[in-house]
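Both backbone and side-chain heavy atoms feed into the values below; hydrogens, waters and symmetry mates do not. Just so we're on the same page: letters track the sequence lines, and every chain starts at 1.
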2 protein chains.
Amino acid sequence: MFSKSCKYGLRSVIFIAGQAGENKKVSLTAVASGIDSPQAFTAKILQQLTKSSIVNSTKGPYGGFFIRKEDLETILLSDVVSVFDGDSVYTGCGLGLSKCDAKSPCPLHDKFITIRANIKVMLNSSLAAILNSEAEENLMFLKR
Amino acid sequence: MFSKSCKYGLRSVIFIAGQAGENKKVSLTAVASGIDSPQAFTAKILQQLTKSSIVNSTKGPYGGFFIRKEDLETILLSDVVSVFDGDSVYTGCGLGLSKCDAKSPCPLHDKFITIRANIKVMLNSSLAAILNSEAEENLMFLKR
DNA sequence: GACATAAAAGACATATTTATCCTTTTTAAA
DNA sequence: TTTAAAAAGGATAAATATGTCTTTTATGTC
């Protein structure tokens, strides 16, 4: 469904969103151990997230990564996914055909429409929605 | 969603199912051109499909690949997918967590339930169902 | 049996993804 | 202003996926 990078990205963002605000930042080490991912690779993931300004960061002592509370409403999971996997998740043909569309559908075209619609709905969730709906507890379960 | 190998595999199987029976076989060349895939790589794909006895083959002159008409009812798309991508598509956690389940759900667990259910339904289609529902015409569109 | 045909098998080659390590830059505190 | 902490950036390595090429094996025809 998603690339490994994308999964790390999603877990990172959800973890940071649940932990850190402008006052309380989390370090790379904290994120990597919080989502149980390889630290050096997670550093690269976080760089991509900060470059696309989904996550904020500050260097130096007491620095780290964070997401402002007011941004939790506007950041969507789809924003994170598109950083790592582009829009292939919602747009590509399930069988890999570039010419597949409503006029020249592949044999699975209609069945994929439903699935893509569901994925779109899911990824349209804001971070705030994820954090609320999950009643805090499930944030414990970001480890593999 | 699916690996490239898996997509080639699905396209191959649908193509062969629509073209060939025990009396009329199709060659590697025909399959590769029929689904617009690299020939040498498609050879490997077809080898995997014959080894897992989803597709039959005979060597030598007038040989080739085929699927028996009576097998079209029993071969499911999920059989093909599992050869190439295993069962991660339906069973794995969307965030890549191995310990994610109803008891220890990841923050997206519930949202994935619907999606996985739809995927399961889609992949539960038999080759016969695909060929019928698509009224023959869509088999023209197996090229990329 | 000799020959041609076509898939099977094995050895490589390339590309992409995932992962690590080392150096540089920024920042806060002493 | 020196020092330490932490992210950013760059180079490289390892693993996996994708793709090609050559040889071998099986099979039908003559």
Side-chain angles (χ1 to χ4, degrees), chain A residues 1-12 16 19-20 22-67 81 83-86 88-89 96 144, chain B residues 1-12 16 19-20 22-67 81 83-86 88-89 96 144:
Chain A
M1 181 88 72
F2 304 127
S3 69
K4 224 167 172 182
S5 293
C6 188
K7 290 173 184 174
Y8 288 149
L10 285 166
R11 284 197 259 161
S12 295
I16 295 170
Q19 295 276 319
E22 187 138 29
N23 45 335
K24 188 202 172 208
K25 295 153 195 164
V26 288
S27 68
L28 165 64
T29 311
V31 173
S33 99
I35 68 171
D36 197 15
S37 61
Q39 177 163 328
F41 192 65
T42 306
K44 296 300 184 189
I45 299 293
L46 292 175
Q47 278 176 35
Q48 291 186 72
L49 287 169
T50 55
K51 264 199 280 189
S52 53
S53 47
I54 289 172
V55 165
N56 302 102
S57 71
T58 60
K59 294 180 175 180
Y62 298 87
F65 301 92
F66 65 98
I67 298 175
V81 171
V83 167
F84 299 99
D85 290 356
S88 63
V89 188
R144 64 184 162 201
Chain B
M1 181 84 76
F2 304 126
S3 69
K4 227 166 171 182
S5 293
C6 187
K7 290 172 184 173
Y8 289 149
L10 285 166
R11 284 198 260 160
S12 295
I16 295 170
Q19 295 275 319
E22 187 139 29
N23 45 335
K24 187 201 172 207
K25 294 152 194 166
V26 287
S27 68
L28 164 64
T29 310
V31 173
S33 100
I35 68 171
D36 197 15
S37 61
Q39 176 163 331
F41 192 65
T42 306
K44 295 302 183 189
I45 299 294
L46 292 175
Q47 277 176 35
Q48 290 186 74
L49 287 169
T50 54
K51 265 199 280 192
S52 53
S53 45
I54 289 172
V55 165
N56 302 101
S57 72
T58 60
K59 293 181 177 180
Y62 299 88
F65 300 92
F66 65 97
I67 298 174
V81 170
V83 167
F84 298 99
D85 291 355
S88 62
V89 190
R144 66 182 159 203

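With C/dT18, D/dG9, C/dA8 as the choices, the nucleotide that has an atom nearest any side-chain atom of A/Lys51 turns out to be D/dG9.
Atom pair B/Phe66:CZ and C/dA6:P shows a separation of 16 Å (rounding to whole Å applied). Distance, A/Ile45 CD1 to D/dA8 C1': 15 Å, rounded to whole Å. Straight-line distance from the CD atom of A/Gln47 to the P atom of C/dT23: 17 Å, rounded to whole Å. One interatomic measurement links the two molecules: CZ of B/Phe2 to C1' of D/dA17, which rounds to 17 Å at whole-angstrom precision. Between B/Leu49 atom CG and C/dA7 atom C1' the separation is 14 Å, expressed in whole Å. Taking atom CG of A/Leu46 as the reference point, atom P of C/dA19 lies 14 Å away to the nearest angstrom. Remark: P of D/dT18 and CZ of B/Arg11 are 12 Å apart, rounded to the nearest angstrom. Spacing between atom CZ of A/Phe41 and atom C1' of D/dA8 amounts to 16 Å, rounded to whole angstrom units.
B/Thr50 places a side-chain N or O within 3.5 Å of a backbone atom of B/Gln47 that can act as its donor or acceptor partner.
For DNA chain D, the residues of residues 53-64 of chain A within the heavy-atom distance limit of 4.0 Å (strictly under) are A/Ser57, A/Thr58, A/Lys59, A/Gly60, A/Pro61, A/Gly64, sorted by number.
Side chain A/Lys44 to base D/dG10: a donor-acceptor pair is found below 3.5 Å.
Within the 4.5 Å cutoff, no side-chain heavy atoms of B/Tyr62 are placed close to those of B/Lys25. Residues B/Tyr8 and B/Phe41 form a side-chain contact, since some pair of their non-hydrogen atoms from C-beta on lies under 4.5 Å apart.
Position along DNA chain D of the nearest nucleotide to B/Ser5 versus A/Thr50 favours A/Thr50 as the more 5'-ward residue.
Taking side-chain N and O atoms only, A/Tyr8 has a distance below 4.0 Å to OP1 or OP2 of C/dA19. Within the 4.0 Å cut-off from OP1 or OP2 of D/dA15, not a single side-chain nitrogen or oxygen of A/Lys4 is found.
The SG atom of B/Cys6 sits 11.0 Å away from atom CZ of B/Arg11, with the distance rounded to the nearest 0.5 Å.
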Discussion item. Run the side-chain contact (heavy atoms from CB on, under 4.5 Å) test on B/Asn23 and B/Phe66 for me, step by step, so that the C-alpha distance in whole Å, both residues' side-chain angles and the decisive distance to 0.1 Å come before the verdict.
Written reply: CA-CA 9 Å; B/Asn23 45 335; B/Phe66 65 97; over 6 Å; no
Item to complete: Report the C-alpha separation of A/Met1 and B/Val89 in whole Å, then their side-chain angles, then the decisive distance to 0.1 Å, and conclude whether the side-chain contact (heavy atoms from CB on, under 4.5 Å) test is met.
Response: CA-CA 7 Å; A/Met1 181 88 72; B/Val89 190; over 6 Å; no
May I have the list of side-chain donor-acceptor pairs in residues 54-61 of chain A shorter than 3.5 Å, sequence neighbours left out?
none

